[in-house]
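The block underneath contains the structure these notes are about, expressed in structure tokens.
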Amino acid sequence: HMNETNRDGIAHGSSTEKRPAEARRIQANSGSQLRKPLCSLLPASMPSPSLRLAVVGAGAAGLAAARELRREGHAPVVFERAAAVGGTWLYASPAPAAAADPLGAAATHSSLYASLRTNLPREVMGFLDFPFTAARGSVVDARRFPGHQEVLRYLEDFTQRFDLYGLVRFQTEVVGVRREAGGRWAVTSRKLGEKGEQDEELYDAVVVCNGHYSEPRVASIPGADAWPGKQMHSHNYRVPEPFLDQVVIVIGASASAVDISRDIASVAKEVHIADRSAPTSTCEQQPEYDNMWLHSMIDHAQGDGTVVFQDGSSIKADVIMHCTGYLYDFPFLGDDSTITVDDNCVDPLYKHVFPIEVAPDLSFIGVPWKVIPFPLFELQSKWVAGILSGRIKLPSKDEMMEDVKAIYSRLETRGWPKRYTHNFSGGYQFEYDDWLAEQCGHPPIEEWRKLMYAANAKNKAARPERYRDEWDDDGLVALANEDFKKYF
């Protein structure tokens, strides 16, 4: 998983900044420009070339990528569908289409609800060299677990501080990415609001940063088609008021399910949480609530409005809210991207970043989940930038494929489904982050950050209702703030 800011100032305030020369238009004979794989061109003694790179998305991942690519001497062009930076942290009311298709993506990228606060402390969340502190000049919400508007302000500050606005083409959607015969990539984009106008340009490589919180994943419920109530996905949830005096079933046990069930309980008649991982016999009133119950998963729904749980208990409900996560979706990529998405696993990706057959010319930033996102985006981006310039070497295709197979065999050993391929829970994220850091010649993730992440998880389990406002790790906060002094 930021208060409204001056969108107009964002979209247009950068017009005086110098935009990098646009990628050259494709000529009819461009297919004849053969290019050897990048790494084979670069003996260590040669200076690396500056590559023209397409970055898809200007959320936190795309901004991190743009900064690191430019730091490495490349020339990134960032394509962003919205009129501002922020990606999933850009709050938007659901599009009118959400009323017609409440289970769908409804042309709204963001999944933020109005009451959302971070579930990680700000010290942990920030980029490694740009602390997310309450001491920044633009801070409005100084809470340790701030609302979503504050995260957006932080990303806007990051964009301003590192002069990234001039790299972004706002309200521009990438509609196609195609590999040319010479190994370069033709990127087709269109300016939103301009009918039929499409641009096609050539780039040396493409970095995909389009996020994975916008294509809803919906639970399959026997009998749901005949059930007369309303179904919707949390992607289209914003405020609790529409659920006044209703009986609502929330499917899920993740952060959004926990937040939204509590949000809705403030106005609803009853809230029933259906948790796939709860024992079949579960039917428990939730502590501190007189109108909220935890159940096992839904068994089936009936035409009279009844919903039956796996333990045989049933209720008549008005709404089923699917807080069931999202699907990876790359509608602009074709078969020449050489990846497939099956059971929400992007395959085959070396270290969750590079499709093996076309590495390093196509890469993905931000695929893993159950992570601290911003530092991970930053380290992945440093790694990609260094590889594209030839400063860091990739292993052979065979070695990369062996590494991917090892991930699948670890999943199998744990009994995890394929859709957990990119799930970094259980401490793996820091092992991964530190591996990336080592590849890039960057220090490992700070010890205080690792300890604070663990302390927060423990506190969240002990105080699920209050962990954002009560904690016991002030010593770690002091360490973090001491560490941050070197960046101010």
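Note that the structure is predicted; figures quoted are calculated from it, not measured.
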Quick check: do [X] and [Y] have side-chain heavy atoms less than 4.5 Å from each other?
X: F127; Y: L155; answer: yes
X: T282; Y: D275; answer: no
X: T133; Y: F488; answer: yes
X: I221; Y: I251; answer: yes
X: R67; Y: E378; answer: yes
X: F132; Y: V151; answer: yes
X: D290; Y: Q285; answer: yes
X: R414; Y: Y420; answer: no

Over 12 non-hydrogen atoms of neighbours within 6.0 angstrom of [atom1] in [X]:
X: K230; atom1: NZ; answer: no
X: R276; atom1: CZ; answer: no
X: D474; atom1: CG; answer: yes

Hey, is [X] close enough to [Y] for a salt bridge, meaning N to O under 4.0 Å?
X: D434; Y: K450; value: yes
X: R117; Y: D469; value: yes
X: K486; Y: E446; value: no
X: R122; Y: D141; value: no
X: E123; Y: R144; value: yes
X: D129; Y: R71; value: yes
X: R153; Y: E156; value: no
X: E200; Y: R178; value: yes

Polar side chain donor-acceptor pair, [X] to [Y], under 3.5 angstrom:
X: Y237; Y: S256; value: no
X: Y432; Y: Q380; value: yes
X: D263; Y: Y113; value: no

Ignoring hydrogens and geometry, is there a side-chain-to-backbone donor-acceptor pair from [X] to [Y] under 3.5 Å?
X: N459; Y: E470; result: yes
X: H233; Y: G325; result: yes
X: E80; Y: A58; result: yes
X: R169; Y: S189; result: no
X: D318; Y: V247; result: yes
X: D304; Y: T306; result: yes
X: E197; Y: R190; result: no
X: S381; Y: F377; result: yes
X: S111; Y: Y213; result: yes
X: W293; Y: E284; result: no

Locate the shortest heavy-atom distance separating [X] from [Y]; write the atom from each residue and the value.
X: F332; Y: V174; result: CB-O, 3.7 Å
X: Y203; Y: L53; result: CD2-C, 3.5 Å
X: A265; Y: N291; result: O-ND2, 2.9 Å
X: I260; Y: S234; result: CD1-CB, 3.6 Å
X: K485; Y: E482; result: NZ-OE1, 3.0 Å
X: T118; Y: L120; result: OG1-O, 2.9 Å

Please round to the nearest 0.5 Å and tell me the distance separating atom [atom1] of [X] and atom [atom2] of [Y].
X: E270; Y: I315; atom1: CD; atom2: CD1; result: 6.5 Å
X: I298; Y: S314; atom1: CD1; atom2: OG; result: 12.0 Å
X: E465; Y: R468; atom1: CD; atom2: CZ; result: 10.0 Å
X: H295; Y: H272; atom1: NE2; atom2: NE2; result: 5.0 Å
X: T280; Y: F309; atom1: OG1; atom2: CZ; result: 13.0 Å
X: W471; Y: N456; atom1: CH2; atom2: CG; result: 10.0 Å

Next item on the list: Show your reasoning for whether side-chain contact (heavy atoms from CB on, under 4.5 Å) applies to K191 and T172.
Entry: CA-CA 4 Å; K191 192 86 174 153; T172 306; 3.7 Å; yes

With a 6.0 Å cut-off on ring centres, are [X] and [Y] close enough?
X: F158; Y: F374; value: no
X: Y154; Y: F130; value: yes
X: W416; Y: Y408; value: no

Checklist line | Residue list, salt bridge (charged side-chain N to carboxylate O under 4.0 Å, His left out) with K418, at least two apart or on another chain | finding: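 Testing K418 for salt bridge (charged side-chain N to carboxylate O under 4.0 Å, His left out), a comparison that skips the adjacent residues, returns D342.
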
Notebook entry, point to check: Stepwise, does the side-chain contact (heavy atoms from CB on, under 4.5 Å) test hold for V85 with Y165?
Noted result: CA-CA 8 Å; V85 299; Y165 277 116; 3.9 Å; yes

Notebook entry, point to check: What pairs with N344 under side chain to side chain contact (heavy atoms under 4.5 Å, CB included), at least two apart in sequence or on another chain?
Noted result: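 Partners of N344 by the side chain to side chain contact (heavy atoms under 4.5 Å, CB included) criterion, ordered by chain and then number, come out as R217, L327, Y328, V341, R419.
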
Margin query: Working note: N481 + W448, criterion side-chain contact (heavy atoms from CB on, under 4.5 Å); need CA distance, chi angles, decisive distance, verdict.
Written below: CA-CA 10 Å; N481 287 329; W448 64 257; over 6 Å; no

Item checked: F354/W383 under side-chain contact (heavy atoms from CB on, under 4.5 Å): CA gap, chis, key distance, verdict -> CA-CA 11 Å; F354 289 110; W383 188 49; 3.6 Å; yes

